[in-house]
Chemist: 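Quick one: the structure is below, and I'll ask about it shortly.
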Amino acid sequence: MKRSLWCIAIILMKELFRHCVGYKIDWRKLFLVGAMLTIAGVVFQMFRLPYSLEIWFLSPHVTVSSYESLNSTIPLSETLTKARVEEFQFVLAAPVVSVNSSIKLIQSMPVEPKRVTAPMRKKYRSKSISRRRKKKIKLDDKPKLLSPSPPRKIVPSRFQRYIWSLSPTEALMYAKKEIEHAPVVVDDPELFSPLFRNVSVFKRSYELMEMMLKVFIYPDGARPIFHEPHLSGIYASEGWFMKLIEANRQFVTRDPEKAHLFYLPYSARQLQTALYVPESHNMKPLSIFLRDYVNMIAAKYPFWNRTHGSDHFLVACHDWGPYTVTEHDELSRNTIKALCNADQSEGVFVAGKDVSLPETTIRTPRKPLRNVGGNRVSQRPLLAFFAGNMHGRVRPTLLKHWRDKDEDMRVYGPLPDRVSRKMSYVEHMKSSKYCLCPMGYEVNSPRIVEAIYYECVPVIIADHFVLPFSEVLDWSAFSVVVAEQDIPKLKEILLAIPLRRYLKMQTNVKMVQKHFLWNPRPIRYDLFHMILHSIWFNKLNQIQITNS
């Protein structure tokens, strides 16, 4: 029988060969067809793999681990299909957990993926298992871990270990010494040196802040005054800082013993909204409320009394911010106050200790960077522009001398409808070389930051005003400061500025813009980080270093 089958096969092969002898084979087509079939086979196999190619060829991302406490085992959170379990099981970082009164992660040991035999299955009466039943099959609660390979530890440098070993007080003293001997910065791609008083000092201080600074946020206080940021309007700076610092993981610590600074998380705007009686002109209830809050945290925690509040800070943009601290001597005298109303003539704001907080107008909290940007110099036909409500001592004087007096000086009260129909407020700022920023009821004005947003050189008219971040920024590089008494000579002062200097200032306005932007997710050197750095920097300025 076998012999006859072989004979038939040989006869068929001979007959096939005889038929093919007369034909010419196109080897190119044959090679192309073979290549296409090979590619199709590879793609088909890729889609059949239980894991992506990234898991097969690179380090896998699946972690199978168990965490044991004193009396119980936390079960696996992942369930894998039976088909996958039968083929491979990966163990990446099996954490070693100490069995103490508190579960503490000691170290993570990466393990190379190896083939593992799947657990034995029960013999089912039926040979076919439904898909639904397959998905319900889980791994054992305590998977068998493979013998790990030697751990690959990320060893901190000696410098990092030294920094971490310091107490908060020692760390601040070390940072103070480091900043005094900051290495010279010649050309930094992220920092534009003409904007700074000393770019080398700023860069070293900022680096040390990123490396070292830890802030403890008091959890106490009821909403809306505490922990509820106000994110729109002209007082939004305090709310945006609160929102971003409370969501921050780099600088915030839950261990107050490790903190260099302590944040009082209240909103002056919410304080005014919740407690002020309209038309009463009485701010004392606000300051009494804040006094009682400070006394409460001083009684509850040891940290205020330890330094009398000198390592605590608050952030308040409302005009009344300075006046709400007057009922508590240590709060007024010792605490670092980041205030929009940075008026050093009233005795509350102390330059060099306190921080001038930029006042920013946020119209759309979901889009804080809306309309940022401006026209080129050639598209700025107006010399100067101002429009706003009439309050305070400066604005009436400005209108008295310049409203309807000069076509180059567009000075208004509230922008008239006849004018706004042709050109909006923002378009006016984007079309002007200089934007006038006179003070209102208080020395601060949101127009300063608005001018920077629209790349218009700000002209600041407010005596006794400490400009934002003036401890590190050189405002003469991108703004003009005019004394209140020189308002009648305003056009003469602006025209006396040479074109070359104006072009440099306008370029510098564009470069400084990134330091005044609220980003939904903070980035290096933006407004959130600049505020935090100024608080850190001024805290270091208070430290006295002895020769010993």
Side-chain angles (χ1 to χ4, degrees), residues 159 163 171-215 237 240-241 244-245 248 250-251 260-261 311 313 315 336-340 342 344 349-360 448-449 452-453 458 460 465-479 481 504-505 507-519 522-545:
F159 177 68
I163 292 294
L172 292 175
M173 293 184 67
Y174 173 81
K176 172 88 170 182
K177 293 178 182 178
E178 281 289 301
I179 293 170
E180 289 178 351
H181 301 89
V184 177
V185 175
V186 178
D187 188 15
D188 189 280
E190 294 185 283
L191 299 174
F192 191 57
S193 57
L195 304 176
F196 296 91
R197 292 180 177 273
N198 188 324
V199 70
S200 302
V201 167
F202 172 75
K203 182 175 175 61
R204 185 57 179 154
S205 176
Y206 190 95
E207 289 173 343
L208 290 168
M209 177 191 76
E210 286 185 315
M211 186 186 307
M212 301 168 61
L213 178 60
K214 294 299 176 186
V215 177
S237 289
W240 274 84
F241 181 85
L244 297 177
I245 190 68
N248 189 274
Q250 178 183 359
F251 298 109
H260 306 94
L261 292 168
D311 53 1
F313 71 94
V315 178
I336 300 172
K337 299 177 289 295
L339 303 172
C340 287
Q344 62 181 345
F349 185 92
V350 180
K353 177 182 73 70
D354 297 327
V355 173
S356 179
L357 180 67
E359 186 171 359
T360 56
I448 298 173
V449 178
I452 293 172
Y453 283 178
I460 300 160
F465 181 38
V466 179
L467 293 169
F469 312 139
S470 54
E471 61 275 355
V472 293
L473 291 180
D474 180 8
W475 279 80
S476 65
F478 54 90
S479 70
V481 177
K504 284 185 178 180
M505 284 194 295
T507 299
N508 292 344
V509 167
K510 294 180 183 179
M511 301 304 292
V512 82
Q513 192 179 80
K514 73 174 186 177
H515 300 302
F516 288 88
L517 297 178
W518 287 116
N519 293 290
I523 61 176
R524 293 191 82 198
Y525 303 118
D526 68 355
L527 186 50
F528 168 74
H529 287 97
M530 291 295 289
I531 294 170
L532 194 60
H533 174 266
S534 286
I535 296 168
W536 152 267
F537 190 79
N538 284 4
K539 172 57 184 173
L540 295 180
N541 283 339
Q542 300 175 48
I543 296 174
Q544 301 294 327
I545 299 178

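Only a predicted model underlies this, so the values are computations on that prediction, with no experimental measurement involved. Numbers here simply count residues along the sequence, with the first being 1.
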Chemist: Under the side chain to side chain donor-acceptor pair (under 3.5 Å) definition, can you give me all pairs with a residue in residues 193-203, not counting sequence neighbours?
Modeler: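 Side chain to side chain donor-acceptor pair (under 3.5 Å) check on residues 193-203 returns D188-K203, K203-E207.
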Chemist: Looking only at non-hydrogen atoms, find the nearest pair between R204 and A182 and report the distance.
Modeler: CB-CB, 3.7 Å
Chemist: Check I523 against H529 and note the closest heavy-atom contact, atom names and distance.
Modeler: O-ND1, 2.8 Å
Chemist: Does the D354 side chain pair with the main chain of V350, one donor and one acceptor, at a distance under 3.5 Å?
Modeler: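 Checking the backbone N and O of V350 against the side chain of D354, a donor-acceptor pair under 3.5 Å is found.
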Chemist: Hey, is the main chain of Q250 close enough, under 3.5 Å, to the side chain of K214 for a donor-acceptor pair?
Modeler: yes
Chemist: Counting N and O atoms only, with roles assigned by atom type, does the side chain of W536 sit under 3.5 Å from a partner on the main chain of S205, one being a donor and the other an acceptor?
Modeler: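 Side chain of W536 to backbone of S205: a pair is present.
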Chemist: Is K539 reaching over with its side chain to a backbone N or O of I336, donor-acceptor style, under 3.5 angstrom?
Modeler: no
Chemist: Suppose we call two aromatic rings close when their centres sit under 6.0 Å apart. Are F202 and H533 close by that rule?
Modeler: yes
Chemist: Tell me, do T360 and F516 make a side-chain contact under 4.5 Å, heavy atoms counted?
Modeler: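 Contact flag for T360/F516 side chains = no.
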Chemist: Does a donor on one side chain sit under 3.5 Å from an acceptor on the other, for W475 and S470?
Modeler: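 No - no donor-acceptor pair under 3.5 Å links their side chains.
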Chemist: Return the minimal non-hydrogen interatomic distance between P522 and F528, and the atom names on each side.
Modeler: CB-CD2, 3.8 Å
Chemist: Apply ring-ring contact (aromatic ring centres under 6.0 Å, His included) to H515 and list each qualifying residue two or more places apart in sequence or on a separate chain.
Modeler: F196
